Structure formats: C-alpha cells, structure tokens
Protein chains: 2
Amino acid sequence: MSDYKEMWTSLGLDQQTHDAVLDLVGKTYQEMFLSQKNRPKGMEYFDFVVSEIHGLRIRELLDAKAEGRKVIGTFCVFVPEEIVLALNAVCVGLCAGAELGFEAAEEYIPRNTCSLIKSAFGFKLAKVCPYIEATDLIVGENTCDGKKKAFESYGDLVGNLYVMDLPQTKSEAGKALLKAEYLKFAAKLEELTGVELTVENLKKGIETVNNKRKAMHRLAELRAANPVPISGLDVLLANQVYFYDNPERFTASINAICDELEQRIANGEGVFPKDAPRILLSGCPMAVPNWKVPGVIENSGAIMVGEEMCTGERGFRNLTDDGANTVDELLDKIVDRYFEIDCAVFTPNKKRYDHIKEMVKKYKADGVLHYSIQFCQPYQIEAMSVEKNLEKEGIPVLSVDTDYSQEDMGQLKTRVEAFIERIKS
Amino acid sequence: MSDYKEMWTSLGLDQQTHDAVLDLVGKTYQEMFLSQKNRPKGMEYFDFVVSEIHGLRIRELLDAKAEGRKVIGTFCVFVPEEIVLALNAVCVGLCAGAELGFEAAEEYIPRNTCSLIKSAFGFKLAKVCPYIEATDLIVGENTCDGKKKAFESYGDLVGNLYVMDLPQTKSEAGKALLKAEYLKFAAKLEELTGVELTVENLKKGIETVNNKRKAMHRLAELRAANPVPISGLDVLLANQVYFYDNPERFTASINAICDELEQRIANGEGVFPKDAPRILLSGCPMAVPNWKVPGVIENSGAIMVGEEMCTGERGFRNLTDDGANTVDELLDKIVDRYFEIDCAVFTPNKKRYDHIKEMVKKYKADGVLHYSIQFCQPYQIEAMSVEKNLEKEGIPVLSVDTDYSQEDMGQLKTRVEAFIERIKS
C-alpha cells in the first residue's frame, strides 16, 4: 500500500482526495456487493479487482509502459479495441461514475451537462484518477452534443486527447465515415506505438476481444435461468471491469464464474428466490461506482436479468468476423461489427427496439427499466419512443432520469417499488 | 379577415387557439415594436407583414400551390434555399418562438428539450401554424441531438418530413457528406416539383438569395453609425421575416429602408441617443415572436448593433459564388458556401470566435450578450469558451441561458442592466 502511495504521487494524484475516493468506493462496495447473500465464489476475483482498482492494475499499466507499450484511454464502445490490442497497446475505459469535482468541472462545462461527462472533468480536475494519468493517448468521440462539445475543452485539460468523428446515420455514407475514421485512428496508433498492423496481429487482437465477448455471452445466457444464479449487480460489475482489466485474465475469470453458475443452475440454486420479479435494465452506460439504480432494483426484491447498455450487451453483443486475409479486409470486418452498435446518437435507431424486445424474451424479463442520465438528450428522447413501442406490445416500462447524486433516492425507491408491484401482478 | 378564417379552417387550424395566438402576437408587437420612437418609415412594410403574418403570406403560398408550385418548410439555415428556388418551389422557415402547446409537446419530447424544438411540436399539436399546414415537404436536419432525435417523432406527427444529415466536423469527409446530402435533397425536390435543375434556374436561384443577403449586408453595415439609425429589434424582425417572405419583395423592402437609413446617417439622426451602449447579440436563433432578450436590452437603454446568430449574420454572412457553368459545379459552390456556416454543432468551431470579434469591431460593440436557449447543449457549452476567449481580449461578455417563458424576466433585466453599467464604464 505504501508502495502504491508512491506510485500515485508519481502520477500527480491529490493524495488526500484520492484516499477519500478509495475509502468511499470501498465502503460502497462493502454495502452493495459484499453484503449480498449467496454470491458465486468466482466473484472473489472481482472483489479483488475492486480492492486493487487503483493499485495492481495501475502498476500493470506502468509496467507495460516501462516495456514500451502504450496505454490508450477511452470513453466509448466505438473505440475498436481490436486495433489497440493488435498494436501491442493497452485499452482502458476512463468513464467515471461518481459525483466528484463537479464544481470545478462547471468552470468548463455547463451545470446541465450529464453526470458522466462532468465526472470525466471532475476526476481529472480533482486529480484522483490514475488511469487518466497513466494514458499515452485519450480517445474522445463525436457521439452526443455533450461529449462532442465538451471534448473541445477537455483536450486543453488533458493535453493528449485524440477525437474520433462518428456518423449519425446508419447509411452507406455513415459507414464510409466510420471506415475513414478507423483508418485514421489506426494510423495514429501505428505512429504512437511504432508497430504496424498486420494480418497476424489484427487477427490476434480480434480473437482476444471476441473471447472476452463470448465469455460475456455465456454469462448473459445463464441469467435466463429461474432462479437466477447471479445478481445483476455482480454482472454489471463484471461489465464495468470489462473495460479496464487485462482481457485474457478477465475472460478466464468470467468463464470460471460461468462454470460455477452452470453447476448452480443444475442444482436449482439462485441468488434470489425462484420467480422473483425480473427486470431488464436499458439505456445509458453505468461507470464504476455508479450502482445507484441497480442497487435500488435489487434491494427492492427484483433481479436484473440483463443490461441493454454500453456497459452491457450493447458493448459486447456482436463478434468481429476474422474471416479475411488482408489488413484492409479485416478493418472492413471491424467496421461492420462496430457499425451495428445501436447507440441512441444514431437516427433513426429502430434496431434498438428490436434488441430490447429480444432481450426481454431471452432473459424472461417481466419489465424494462429505462435509465437515462439526466441531460443525456439522445437517450432521454429515445426513451419516450422505447416506452411507447414496448408498452404497445404489453411490456411494462419504467423510465427513470437520474444523475450521480443521492438526492432522489427516496423518490427512486418509491417508483421502482411501484413498478415491481405492477410487473408482479 | 372573414376570408382568412375560411382559409385557416381549410388548413385545419384550431380557430379559437389560433385567434388567441394572433391576438397575442399583435399585442406583443404593439408593445415592443410600434411603441418604439423615431422608427424608420420603411419599417411600415414589416408592420404590414406582421399584421398579415398568417394572412396574406399564407394566401400567397396557397396561390403558389394552386399554380403547381411546391412549398418547402425549413428549420435550419443549412437548407440551401438556392436549390428550392431554382426548382420553382417556395421556401418558408417554420421555427416558432412562443411557449405554446408545450404540455402536448411533452408527450413526444422530454421536458428538458429546448423551447425552439418544443415550439415546433407545440405549434403543430395546437393547430395554430398555417405555414406547417401549407407545406408540401418539411425539411428536418441532424444538427443538435435535440433536433436529430426529436425529428424521429416529429416525422410521425407531420407526415411529410424529410431529414437531411449534416456533418459534425469541418473536414474533407464532412464536406463530402454535405455534398452527398445536397445531391440527395436536390433529387428529392426534383421529384417533388417535376422540375429539373439547370444552370439557368440554379444561377437564378443563387442570384435571388444573394440579393437578399446583399441587402442584409447593406443594412448591417449601416448599424456601425453613431447614433445607430435603426433599432436592433427592427433589424431582428427583418432577419426573422427573411425566412418566410417573398424574397424579391423582401430584398426591395430592405433596400428601401437602407436608402432611408443612409439619409438618417447623413443627418446624424438615430433611434437611440448618440453614444448609447452598443451590444452585439450572439448565440442561438430567435424565431418570431421570440423578442424577449432583445426587448430587455433595448428597454434598458442599450442598442443591439448586430446579431451573430442564424436569424442574423450567421444566416446571411456568405454569398454563393455563381461562377460555374455546370449544375454539378454550381452545386459545389453552394456546398462551399454552406460549409462555412459556423454553427455550434460543429467541432471544433473556432472560426465563430473570429466572426464574433470581427463583428464587435465592425459594429463598434461595447460588449457581447451571448444568448443560449436553455437545454441547447451545443451553444451552452460553446458559450463558456466564447466567454473566456473574448474576455481574455478585453471584450465584456454576458452569457444568458433562457427559455420562452416570462418567469425569469426580473432576473434577466437585473443582469442586463448590470452588464450595461459594466460596459458603459
């Protein structure tokens, strides 16, 4: 631990604030995760990961850097991890899920900016995120207006920001734009890493990321069981860790948990009673330690059976086809894969409705809780169509807009409890 | 008038609500415009236009339709009017500037959507806008998240919506996207109108729109005089009418006013005392009858000397070069012209800072009032950089976020008055 303190100081963190953050994460984790009953034993790996959230993993990143590898920070599932890994770089998610440094952030972005974006500024300004400080390059992207415009000043703040443009429509022109941006990004990374893309390293990158996704598919499918063998909170945590852990170790850990869950299912064992109300969570991503809404759901007697979000199935749904024999063809396959992502920044984005319905069916959800971060216009607006569309087909929907504060906890509990009553009946 | 009632009924308007709207516009116009002292006589034309806002102009549109011409409704200065006019169609702006039908609108879009978008829904749902009802095609565009996502349900509501995609960056790829979209739009209009683009009709369209712009340039330049020969409110009104009036008549009316203003300047005559504090307005567009902030400024003893907004210089700044001899080359010139528009949806958008500074200098402004519609993230975020950038160079900035309600009038007045005190000293 004293060893880490030195590391944190070397990264320029504010020691006092940083200690407080770790303390808060630890306490929240204790209350929300460790207190759960009958957890799979395999979750111990994630307990360890969280206890070392700013320790061991950061040490690994710094060791990788010492070996000449580059660390790429990301904020979005549109960043093609396959390319990052192919070039021997390390990919780490930088989204932050806590209300910290917001006052300082509001010197750069308006008060009515979503918590996810504010948190990215807040964590940098409060000097509490060793991930940000360990990066060689941070990748921003033109998704929503909030991010697109905020990255302009975030760039000045961090000094190593690269912004990727993204299309707004699922048209041929949109796909061409994505391809052009991925080519530019690959060239940028080749320059940074001094490594060139080859068929071999690209196929290896695709394999590594696909394995991670396949493990998540396996985990997801096991949640269709009744009783459900693992809590939604635990799966969400795995989804969050997905973005910054060592990919091979992560994959092995998820597969080990799946082995255990299969045994549980065979024994009819679950974390919640059989026939507990089942909720599909849908909407905006949730970054560590944003466990507010899932906590309310699972503390109210319902269980989360799926997450239709970037920290969930939207992030890992599709595999990348590696059936090609040139770098350019493999890049086309990567573009094909990412172009399927049904983020609400696209217009129209109707496939998302189908995906939600498929997940409801597959995971036998009794209802959908649509989660929008306050001031996230794409998801807030789309939520209204999602709700109409699903309710029309008899799928109950509760649409929740909230932020990272605890102020609306009472109201949130009341609404979630009423929704659970509705879907039980 | 009874004649118009029949026309309005035939367009499906709600008679009672529509009467109330016209009544309110009339009263507000009386209070804010007709009560001004020493107005140019040429403004009588605009008094007439406003008194006939849903009357004569709608009759003209219906007459044009009867002759087989098509009416194209627009919400954005990115819609190339040159192409619309070339194809013998009529272009009318549909942005609305009043808090009307908001409750009904909130069935389609979230409460925290900007007033401009809500008003587009509100006017349709309340059945009070004869322009919307007179259109053959309404053109939406992917600018901000609010519009982009709201147009998805607006399309269901109006039934004749065409959405144009727009780039987010000023890159070569961005320009190619704009070109592709303008080609698609031209093809769509050719199909709708049954007219084909030719060098001749396109050059004529360019000439008509350029003439309108040149008249606005002439008017703008006259405002550099001290005392200022025309109020900012009156010029803003002209800017608003720019979007739905007959273009030739509009151009002639503006030029007539300019003749009169030149005489005034020669006589040292103004609408405000010499050396009155001079404010440049910058930011979001203001649609009729959104005169709230300008009213506060000019009722507090300052004068607006320029509008850096879509209903202002951002809308008419650049001319379209007609120096080409094929349809495709002329379309390239049109793309060149529109690609220069410095809307805050672009990232980065630094030329806008230069334009604001140029306008401050040209119109001898003492300070800039940056106006953002509440929940308009692109302008709200950009406002913070604009403010830092200008203040650094000694240009005072007041940044105001407001909506279409009258609730914050007291606070607004206090802030504007304090700002005027600051720039006077």
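The shown structure was predicted, so the numbers you read here are calculated from the model rather than taken from an experiment. Just so it is clear: chains get the letters A, B, ... in the order the sequence lines come, proteins before strands, and each one is counted from 1. Only this structure's heavy atoms are used, side chains among them; waters, hydrogens and symmetry mates stay out.
Both the backbone and the side chain of B:T347 come within contact range of chain A, each with at least one heavy atom under 4.5 Å from a heavy atom of that chain. Heavy atoms of B:E181 lying under 4.5 Å from chain A are absent altogether. Both the backbone and the side chain of B:F375 come within less than 4.5 Å of a heavy atom in chain A. Heavy atoms of B:E387 lying under 4.5 Å from chain A are absent altogether. Only the side chain of B:D165 comes within less than 4.5 Å of a heavy atom in chain A; its backbone stays farther off.
Under a cut-off of 6.0 angstrom, the local environment of CZ in B:R422 is crowded, with over 12 non-hydrogen atoms contributed by other residues, nucleotides or ligands. Heavy atoms of other residues, nucleotides or ligands lying less than 6.0 angstrom from CD of A:Q406 number more than 12.
Between chain A and the residues B:Q380, B:Q374, B:K350, the largest count of heavy-atom pairs under 4.5 Å involves B:Q380. In terms of non-hydrogen atom pairs under 4.5 Å with chain B, the most contact-rich of A:S385, A:A344, A:A150, A:A180 is A:A344.
Between A:N349 and B:K149, some side-chain heavy-atom pair lies under the 4.5 Å cut-off.
Taking the ring axis of A:Y108 as reference, the NZ or CZ atom of B:K388 stays within 45° of it and closer than 6.0 Å to the ring centre.
When the heavy atoms of residues 390-405 of chain B are compared with those of chain A, none of the residues falls under 4.5 Å. Applying a 4.5 Å heavy-atom cutoff, the residues of residues 167-176 of chain B that approach chain A are B:Q168, B:T169.
Under the side chain to side chain contact (heavy atoms under 4.5 Å, CB included) rule, A:K148 has a single partner from B:I381, B:V345, B:D145, which is B:V345.
Nearest heavy atoms, B:P348 versus A:E152: CA-OE2, 3.7 Å. Across every non-hydrogen atom of A:N112 and B:Q377, the tightest pair is O-NE2, 3.8 Å. Contact between A:M384 and B:P110 at its shortest, heavy atoms only, is SD-N, 3.3 Å.
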